[in-house]
Amino acid sequence: YSKKQVKTIKYVVDRYFNGSEFLGDYYNSDDGEMVFEPEEIEDITIDEPEEIEDEPEDSDGVCESGDCENGEGVYRYENRDVFDGLFKDGELDNGVYTYENGDVYEGVFENDVFNGEGTFIDKETGRMDYGMWEDGELNGEVIITYENLDVYEGNWENDTMNGYGEYLYENGSEYEG
């Protein structure tokens, strides 16, 4: 098939015991199928966050740089989570939230909760959830890439497949329903 690129989404989809990780692109094939093409990336390292000094005792974190009220900034929480992005009225608006354990959410927030289009990557499992978030829960049309490179594209509700969807197995077989 020939590739027609509709949107490139780069993210970690799998991590092996030898330390290699996979990034990749999504493409629509000529027959309309969503195709994932992984590319192997080796030796990816994640820097440990720096220690926070002189943090106020009554604070749950500190604005490390920028404008964490109404603008772009970096905020580090007491639990070592970090938000890098846009703030509105002192709340998270749009950006990258990196958890201390390495999980990452990139997307829209409302009331400091995932709300709107976003991508969540679970570092431990390699699972990537892309779609619309509502009050911190993935709902509606989604693309979920599992650690074994299986991909589900379809409806999602209450933390499970719901309604029509297509499941593409890593071996090339697929299920629709």
Single-linkage hydrophobic cluster Tyr146~Leu138, side-chain heavy atoms < 4.5 angstrom: yes

Parallel, tilted or perpendicular: ring planes of Tyr169 versus Tyr167, cut at 30 and 60 degrees: tilted

Carboxylate-amine/guanidinium contact Glu147 Arg127, below 4.0 Å: no

Approximate separation, where rounding is to 0.5 Å, of Met128 CE and Thr145 OG1: 4.0 Å

Qualifying side-chain hydrogen bond (donor to acceptor under 3.5 Å, both in side chains) pairs, either residue in residues 82-95, two or more places apart: none

Intermediate values then yes/no, side-chain hydrogen bond (donor to acceptor under 3.5 Å, both in side chains), Asn162 and Glu157: CA-CA 6 Å; Asn162 185 14; Glu157 189 175 323; 3.1 Å; yes

Nearest-0.5 Å distance, CD of residue Glu106 to CD of residue Glu117: 10.0 Å

Candidate pair Tyr77 and Glu100, rule side-chain hydrogen bond (donor to acceptor under 3.5 Å, both in side chains), full reasoning: CA-CA 9 Å; Tyr77 292 85; Glu100 188 272 333; over 6 Å; no

Reported CD-to-CG distance for the pair Glu153 and Leu168, which is rounded to 0.5 angstrom: 9.5 Å

Minimum side-chain heavy-atom gap Val74-Phe83 below 4.5 Å: no

Nearest-0.5 Å distance, CG of residue Asp67 to CD of residue Glu69: 7.0 Å

Any Leu92 side-chain heavy atom under 4.5 Å of Phe87 side chain: yes

Between Tyr75 and Tyr97, ring centroids under 6.0 Å: no

Note, Thr98 side chain near Asp81 side chain (heavy atom, < 4.5 Å): no

Partners passing ring pair (Phe, Tyr, Trp, His ring centres under 6.0 Å) against Phe120 (at least two apart in sequence or in another chain): none

Cluster check Val96, Met132: I/L/V/M/F/W/Y, side chain < 4.5 angstrom: no

pair Ile143-Val151: side-chain heavy atoms closer than 4.5 Å: yes

Ring geometry between Trp133 and Phe114 (parallel below 30°, tilted from 30 to 60°, perpendicular above 60°): perpendicular

